[in-house]
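Note that ligands are numbered from 1 as they come in the structure, with each ligand's atoms numbered from 1 the same way.
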Amino acid sequence: MKTQIFQITDPAAQREKVLAAAEILRGGGLVGIPTETVYGLGANGLNESAVRAIFEAKGRPQDNPLILHIPGADWLERFAFDIPDAAYALAERFWPGPLTMILKRRENVPNVTTGGLETVGMRCPDHPVTLAIIEAAGIPVAAPSGNISGRPSPTCARHMIEDMDGRIDGIVDGGACGVGVESTIIDLTVTPPRLLRPGGLPLEELRAVLGEIAVDKAVLAPLAEGEKPRAPGMKYRHYAPKAPVTVVTGESAKTAAYIKNKATKKTGVICFSEYCTLFDGCTVEAIGAAEDKAEQARRIFDALRAFDETDVNAIYAQCPGDEGLGLAIANRLKKAAGFQVVALKEEEE
Ligand code: TXA
Ligand code: MG
């Protein structure tokens with residue numbers, strides 16, 4: 001299959017490309033689409049065979065449900081029912097943006113889209129190109145992250161091409177993703193609402209609107225054998241480079257010293273920018289200053305991908321604290337590490 005690339009910087013001026021991408025989606029095809037979080041692999045979320053093709057292209061297990069991308073809260077009623085007021089309050093405050101809400105699904109959403117669940121994830125992405133495409137297509141676009149299952153999510157068109165060239169009909173290049181980690185997922189069908197995946201919208205901001213929020217166990221720790229997470233995707237190995245990853249948590253000067261002590265020429269290091277020079281001779285991916293979590297979020301998946309082009313045999317990563325975007329970044333790093341974490345305690349520091 002030849003994958004068409006549509007470069008779109010200005011959806012109004014490049015209307016014919018927007019319409020071409022929308023037409024592929026309407027016709028049951030697959031299109032890589034930019035969002036503010038990560039690139040998605042989009043298809044008509046109401047068309048069963050199109051949705052099946054997503055699972056095939058990604059090599060994704062069929063029980064892992066997809067998020068429906070819609071142009072605004074006024075579409076919620078079409079695909080969900082019993083929608084709590086909190087959903088509208090959150091949409092008003094955070095949409096378009098990196099927030100996915102789990103709601104009770106209507107019958108018109110196919111089983112294959114929701115992985116057989118009675119709920120559906122809904123999100124309005126904050127990207128002018130993709131919003132224009134969804135509006136032109138007039139359909140809810142089901143889109144998981146556009147990576148091959150298990151790989152780090154794509155945060156630019158180059159990543160999307162790396163994973164999907166020749167496998168899908170088109171890729172829309174709308175530039176690099178501004179947020180860089182996937183959306184925050186909140187389940188609004190339970191009381192209190194439950195955080196299923198930390199993401200681009202910090203938990204603190206959600207708590208400011210909703211009050212009490214439970215944090216799903218799968219966010220912070222590996223699941224025990226046979227244990228069932230509430231977001232089915234959380235049980236799969238994810239984001240992992242080929243070389244094994246070890247995450248080191250604690251005060252950043254101390255974690256840098258710990259990694260320095262372990263490092264050889266064959267070590268890959270993910271570090272905060274201020275410690276870069278400490279690792280001369282290693283393969284280094286600096287992800288931004290220790291205090292700049294927005295930059296770390298934008299860089300993290302590209303850094304994880306970059307090691308696969310090298311011959312490193314082990315990767316060590318510095319890790320931000322859990323405040324703000326740190327919770328999502330730390331979650332992605334720990335998942336990439338299969339929860340192989342060295343927590344530096346006071347006496348070791
Ligand atoms: O930022 C994002 O959310 C990106 C962009 C493309 O929008 N999408 C994304 O989709 O990350 P995906 O499929 O890679 O991750 C969605 C996660 C999976 O872990 C899935 O199991 C969970 O959301 N999920 C989807 N629908 C669900 C539902 N009804 N109940 C519980 N979890 C759900
Ligand atoms: Mg994904």
Side-chain angles (χ1 to χ4, degrees), residues 30-43 45 51 54-55 57-70 79-80 94-106 109-127 130-131 133-134 140-155 159-160 163-164 172 174 177-190 193-201 216 218-219 223 228-240 297 301 304 328 331-332 335-336:
L30 300 186
V31 182
I33 49 172
T35 82
E36 82 283 27
T37 57
V38 302
Y39 272 69
L41 176 51
V51 170
I54 292 181
F55 288 94
K58 271 182 74 84
R60 173 168 170 134
Q62 298 273 349
D63 70 340
N64 196 354
L66 307 177
I67 296 169
L68 285 185
H69 295 70
I70 56 174
F79 310 111
F94 300 117
W95 275 5
L99 174 67
T100 296
M101 300 193 260
I102 305 295
L103 299 166
K104 292 188 194 162
R105 72 149 171 158
R106 283 195 193 276
V109 183
N111 266 320
V112 45
T113 303
T114 66
L117 296 178
E118 289 308 317
T119 55
V120 59
M122 310 268 274
R123 161 162 133 81
C124 174
D126 188 12
H127 198 293
T130 285
L131 284 176
I133 293 170
I134 297 172
V141 173
S145 52
N147 51 287
I148 293 200
S149 201
R151 293 205 79 201
S153 301
T155 51
H159 295 161
M160 196 66 220
D163 283 16
M164 290 296 158
V172 175
C177 299
V179 174
V181 289
E182 302 90 337
S183 60
T184 300
I185 304 181
I186 184 98
D187 185 349
L188 296 178
T189 68
V190 292
R194 177 179 292 263
L195 179 79
L196 300 187
R197 178 176 73 182
L201 181 69
D216 200 61
V219 169
L223 289 160
K228 235 176 142 185
R230 295 176 201 240
M234 296 296 272
K235 71 172 170 276
Y236 296 108
R237 178 173 167 273
H238 211 167
Y239 314 122
F301 285 136
L304 285 168
N331 169 268
R332 303 311 187 267
K335 290 199 72 167

Partners meeting salt bridge (charged side-chain N to carboxylate O under 4.0 Å, His left out) with Arg332 (sequence neighbours left out): Glu182

Which residues pass the salt bridge (charged side-chain N to carboxylate O under 4.0 Å, His left out) test with Arg194, not counting sequence neighbours?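 Expected list: Asp216.
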
Nearest heavy-atom neighbours spanning [X] and [Y]:
X	Y	result
Val179	Gly200	CG1-CA, 3.7 Å
Asp163	Gly146	CB-O, 4.2 Å
Val219	Leu195	CG2-O, 3.9 Å

Quick check for you: to the nearest 0.5 Å, what is the distance between [X] atom [atom1] and [Y] atom [atom2]?
X	Y	atom1	atom2	value
Arg105	Glu118	CZ	CD	4.5 Å
Thr100	Phe94	OG1	CZ	13.5 Å
Ile70	Trp95	CD1	CH2	4.0 Å

First-shell residues of ligand 1 [heavy atom, distance under 4.0 Å]: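 Residue list for ligand 1: Thr37, Val38, Gly40, Arg60, Asn64, Pro65, Leu66, Ile67, His69, Ile102, Leu117, Thr119, Val120, Gly121, Arg123, Ala143, Pro144, Ser145, Glu182, Ser183, Ile185, Leu196, Arg197, Arg230, Ala231, Pro232, Gly233.
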
Count of protein N, O or S atoms below 2.8 Å from the Mg ion (ligand 2) equals 1

Closer than 3.5 angstrom, by distance alone: can the side chain of Lys58 be matched with the main-chain N or O of Asn147 as a donor-acceptor pair?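 Present.
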
